[in-house]
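Here the structure comes first, spelled out in structure tokens, and everything after it is commentary.
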Amino acid sequence: MLEPVTYPLDDILARWQPYGRAGLLPCLIDVQERLGWLPPDACVAVGEALHVPLADVYGVVEFYALLYPTPTGEMVLRVCDDVACFARGSADIVATCSRLLGIQPGETTPDRRFTLEVHPCLGQCDRAPAALRGLVPVGNVAASAVETVLLNGEVAPLPQVVGDERSILLRRVGRCAPHDLAAYEADGGFEALQRALQIGAGAVIAEVKASGLFGRGGAAFPTGVKWESAAHQSDRTRYVVCNADESEPGTFKDRVLMEGDPFAIIEGLTIAGYAIGAQKGFIYVRGEYALAFERLQMAITKAREAGYLGEDILGSGFAFDIEVRRGAGAYICGEETALFESIEGKRGMPRQKPPFPTEKGLFGKPTVINNVETLANVPHIVRHGAAWFRRIGSEDAPGPKLFCVSGNVAHPGVYEAPMTTTLRALLEMAGGVADGRAVQAILLGGAAGTFVPLDALDTPLTPSALRSMGATLGSGAVMVFDERVPMLDVLARIGRFFAHESCGKCYPCQLGTQRQWEMVQRWHAAGRVLAEDMPRFGDLAATMRDASICGLGQTASAAIESWIRLYT
Amino acid sequence: MSSITLTIDGQVVRVPAGTTLLQAAERLGIQIPRLCYHPHMTPPTVCRLCVVEWEGARTLVPACVAQVREGAVIHTASERVQRARRTILELLHSAVDLSETPDVARYDAELGVDPQRFVDGVWREAPFYDDNPFYVREYEKCILCWRCVQACGDDMQFTYALTLGGRGFHTRITTFFDAPMPETTCVFCGNCVGVCPTGALKGMDEYLLERGVPMALLREEKQRRKGRLETGR
Ligand SMILES: Cc1cc2nc3c(=O)[nH]c(=O)nc-3n(C[C@H](O)[C@H](O)[C@H](O)COP(=O)(O)O)c2cc1C
Ligand code: SF4
Ligand code: SF4
Ligand code: FES
């Protein structure tokens with residue numbers, strides 16, 4: 001039988017015990033930070049303290065890629081090997097790490113100093129090729145510098161996105177110190193919250209509805225309508241959640257906002273909470289975003305001290321507070337219901353909808369969940385009004401939008417523009433294709449998005465214009481591949497991404513993402529899309545799209561299908 | 001209770017609100033294929049074999065949980081529906097031993113399933129456990145219908161010895177750190193064996209008889225296996 005725990009974990013267990021099962025994931029993360037991994041006896045202690053069945057504790061540990069039921073090396077090197085980094089040479093970085101360490105990805109050196117892992121998109125595509133030493137980001141890694149940077153940890157400061165005065169969402173990013181509440185206030189920060197408390201919840205919802213703001217997380221659902229639906233539920237215990245799981249390959253805008261302007265997200269979420277009558281908000285940040293997590297926590301503490309959060313916000317009688325949660329390596333936890341399951345201490349597997357989150361969301365209560373960027377728009381709308389917001393963009397796509405331009409452009413980064421902008425304009429903003437090469441392909445919307453025809457560079461990026469060519473904006477990722485990039489390898493990586501990230505709940509995706517990955521690997525090896533695979537690939541893609549529970553399975557073939565349509 | 005009128009495969013049917021499409025179809029004598037659904041358990045909605053076409057919906061919907069709505073027009077066997085069902089079964093055949101899963105042979109015949117369609121993909125290798133005197137676990141036959149986990153947990157026994165492990169294609173049924181059943185909270189109630197539809201969980205008698213152990217020697221053989229377990233040999 002297992003020995004009693006001999007490590008000092010009491011403080012961690014005591015901290016999370018009051019949360020019960022909802023404390024499971026943060027408790028496991030804290031224990032692992034102390035011990036380096038999650039030994040069985042520590043898991044027993046966690047299960048007993050939080051009253052979670054031991055089998056369930058283990059099921060959760062196995063679900064999350066950043067939780068380890070076996071020991072790792074002292075330093076885990078997580079090298080991004082996903083599409084945007086691949087376009088900028090990540091394969092060389094992985095190979096060099098392998099050679100210098102004498103191990104394959106997934107292995108640990110015999111002296112146990114290093115574990116090498118290839119990681120799905122780290123959300124650092126503006127600094128590709130990127131990696132994490134533990135959780136410390138390293139960017140623009142040159143193959144020649146792998147030893148000094150990755151192995152010895154001589155990490156240079158990372159390039160940062162800097163907004164400008166004319167931008168709306170990015171105006172403070174890189175220009176105001178992220179921890180400076182006074183600077184945020186001096187720029188009009190928390191005026192929107194004050195106005196919201198004055199005009200009342202109904203008027204806030206009406207303003208957001210009138211603004212035409214729709215979700216920036218991918219599904220483009222009208223934000224005001226969502227809020228209204230939650231506000232009308234009979235159950236008075238309600239939650240608002242900020243979706244900061246940002247794991248769609250090629251997407252890094254939410255990271256830039258959280259690191260550069262954390263108070264704006266807190267203000268947006270607090271206004272959302274007030275509008276729907278919620279008592280509590282959660283921000284769920286992907287586990288790989290350590291700096292964003294830290295900055296949000298810091299900002300929440302300062303906001304609370306200043307009376308913007310707490311029992312009686314600005315003397316209005318509104319009581320509301322925010323808790324930041326960390327994910328642990330699972331793209332699927334960005335799907336809203338999987339995210340709820342994760343906060344509740346379960347494996348992050350999506351729920352069959354309906355019921356929708358506004359009816360039964362987090363802990364079974366009415367919940368509004370919004371993307372980071374969506375919430376960052378809210379203070380501007382409440383402060384300046386819907387009419388002001390509608391002056392930006394078009395009738396069907398009002399407001400500013402962040403675009404993540406990555407791959408083979410001169411200056412990968414986050415660019416703010418109205419959705420009436422075009423791919424050509426974004427390419428120009430990003431300095432054009434690097435080294436004067438020709439564009440080979442553009443993937444819009446991330447791995448779950450579609451390749452767009454190169455003769456559509458002047459199509460506006462509004463939902464209606466994109467729909468007419470079978471594309472969606474998704475999360476706003478624009479990945480550019482120049483003529484040198486082996487595109488079948490890109491497809492194989494997209495296939496791998498979905499096979500790796502499928503939660504395994506429903507059969508079409510659990511089995512289909514694996515078979516799809518195998519098929520694209522064969523095409524990559526053969527150097528062409530194999531015509532004989534087309535009938536079964538078509539059935540596979542249609543079945544995943546039509547019969548999967550959630551958006552992951554439903555979009556897992558979209559990019560590959562669009563590539564076949566355009567290029568074969 | 002209010003009643004709802006809808007159209008299923010061209011036939012109009014009137015049923016109470018809250019009825020599922022599966023039940024409504026059954027009233028018309030239409031049998032919808034299913035694997036994971038069990039009338040006495042929480043529908044896990046994982047197999048997706050029961051999907052039907054709901055006119056106007058973006059995707060197909062699972063009939064086992066989708067509830068009727070006034071004026072809905074449903075097609076339970078359109079080409080789009082059959083394509084999904086056929087492909088799901090073809091995928092399953094390529095990863096799991098379905099030899100003991102009931103109804104599969106019939107569905108295969110009805111839908112024109114080609115069990116070989118995806119066999120060039122990797123097989124889902126899974127362990128065989130003979131670690132207790134009461135039942136064996138032959139996970140290559142497991143379709144991940146979740147029933148055993150639910151029966152061991154909230155749906156029946158509240159013992160929580162079983163869990164899902166892994167993720168994606170490599171999802172599996174397991175225990176705390178893969179411990180043998182006697183080292184878990186399992187009380188050997190047999191509920192999981194009772195609900196397992198595939199032969200992945202099998203009572204020891206049935207297993208031994210299948211392996212040719214004569215009926216007369218069953219007791220002795222089980223006694224021997226029990227002894228082996230307790231002495232750790
Ligand atoms: C597989 C998958 C991953 C997702 N990941 C994210 C994510 O990382 N961030 C996000 O905001 N939305 C993500 N979504 C969309 C959410 O489910 C949800 O629609 C969104 O958080 C709603 O916020 P919005 O209306 O403000 O966009 C994802 C959806 C799916 C299916
Ligand atoms: S579609 Fe994929 S990720 Fe979504 S529930 Fe099904 S298996 Fe899980
Ligand atoms: S062991 Fe049986 S009951 Fe359990 S998931 Fe597998 S097939 Fe279903
Ligand atoms: S029977 Fe409906 S999903 Fe399995």
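Lettering of chains follows the sequences in order, A, B, ..., and the numbering in each one begins at 1. Here the structure is a predicted model, which is why all the values come from computation and not from measurement.
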| query | In Å and rounded to the nearest 0.5 Å, what is the CH2 to CE distance from Trp146(B) to Met349(A)? | reply | 3.5 Å
| message | Could you tell me if the side chain of Val122(B) sits less than 4.5 Å from the side chain of Arg515(A), heavy atoms only? | response | yes
| request: Mind ranking His170(B), Glu53(B), Arg124(B) by heavy-atom pairs under 4.5 Å with chain A and telling me who comes out on top? | output: Arg124(B)
| said: For the interface with chain A, which of Asp114(B), Thr175(B), Leu144(B), Val81(B) has the highest count of heavy-atom pairs at distances below 4.5 Å? | reply: Leu144(B)
| task | Please state whether the rings of Phe176(B) and Tyr58(A) are parallel, tilted or perpendicular, taking 30° and 60° as the class boundaries. | result | perpendicular
| message | To the nearest 0.5 Å, what is the distance between OH on Tyr507(A) and OG1 on Thr87(B)? | response | 15.5 Å
| Between atom CG of Asp41(A) and atom CZ of Phe177(B), what is the distance when rounded to the nearest 0.5 Å? | 8.5 Å
| Residue from Arg85(B), Arg58(B), Arg83(B), Arg80(B) passing salt bridge (charged side-chain N to carboxylate O under 4.0 Å, His left out) with Asp546(A) | Arg80(B)
| task | Mind checking the CD-CG spacing from Glu183(B) to Leu54(A)? Nearest 0.5 Å is all I need. | result | 12.5 Å
| field | Arg167(B) side-chain N/O to His500(A) backbone N/O, donor-acceptor pair under 3.5 Å | value | yes
| field | Structural part of Glu518(A) lying under 4.5 Å from a heavy atom of chain B | value | side chain
| Mind checking which of residues 37-52 of chain B sit less than 4.5 Å from chain A, heavy atom to heavy atom? | Pro44(B), Thr45(B), Val46(B), Cys47(B), Arg48(B), Val51(B)
| request: First locate atom CD1 of Ile88(B), then atom CG of Asp539(A), and finally report the distance between them rounded to the nearest 0.5 Å. | output: 11.5 Å
| said: Which residues in residues 156-166 of chain B have any heavy atom closer than 4.5 Å to a heavy atom of chain A? | reply: Tyr160(B), Ala161(B), Leu162(B), Thr163(B), Leu164(B), Gly165(B), Gly166(B)
| field | chain B contact via Pro350(A) - which portion, at a heavy-atom distance below 4.5 Å | value | neither
| note | When rounded to the nearest 0.5 Å, the distance separating CG of Leu540(A) from CZ of Phe118(B) is 5.0 Å
| said: Let's test your reading of the structure: which of Arg522(A), Arg545(A), Arg351(A) forms the most heavy-atom pairs below 4.5 Å with chain B? | reply: Arg522(A)
| message | Take a 6.0 Å sphere around CD of Glu125(B) and say whether it holds more than 12 heavy atoms from other residues, nucleotides or ligands. | response | no
| query | In terms of heavy-atom pairs under 4.5 Å with chain A, which of Val65(B), Ile143(B), Val61(B) leads? | reply | Ile143(B)
| said: According to salt bridge (Lys or Arg N to Asp or Glu O under 4.0 Å), who are the partners of Arg69(B), at least two apart in sequence or on a separate chain? | reply: none
| Residues in residues 89-108 of chain B near chain A [non-hydrogen atoms, under 4.5 Å] | Leu91(B), Leu92(B), Ser94(B), Ala95(B)
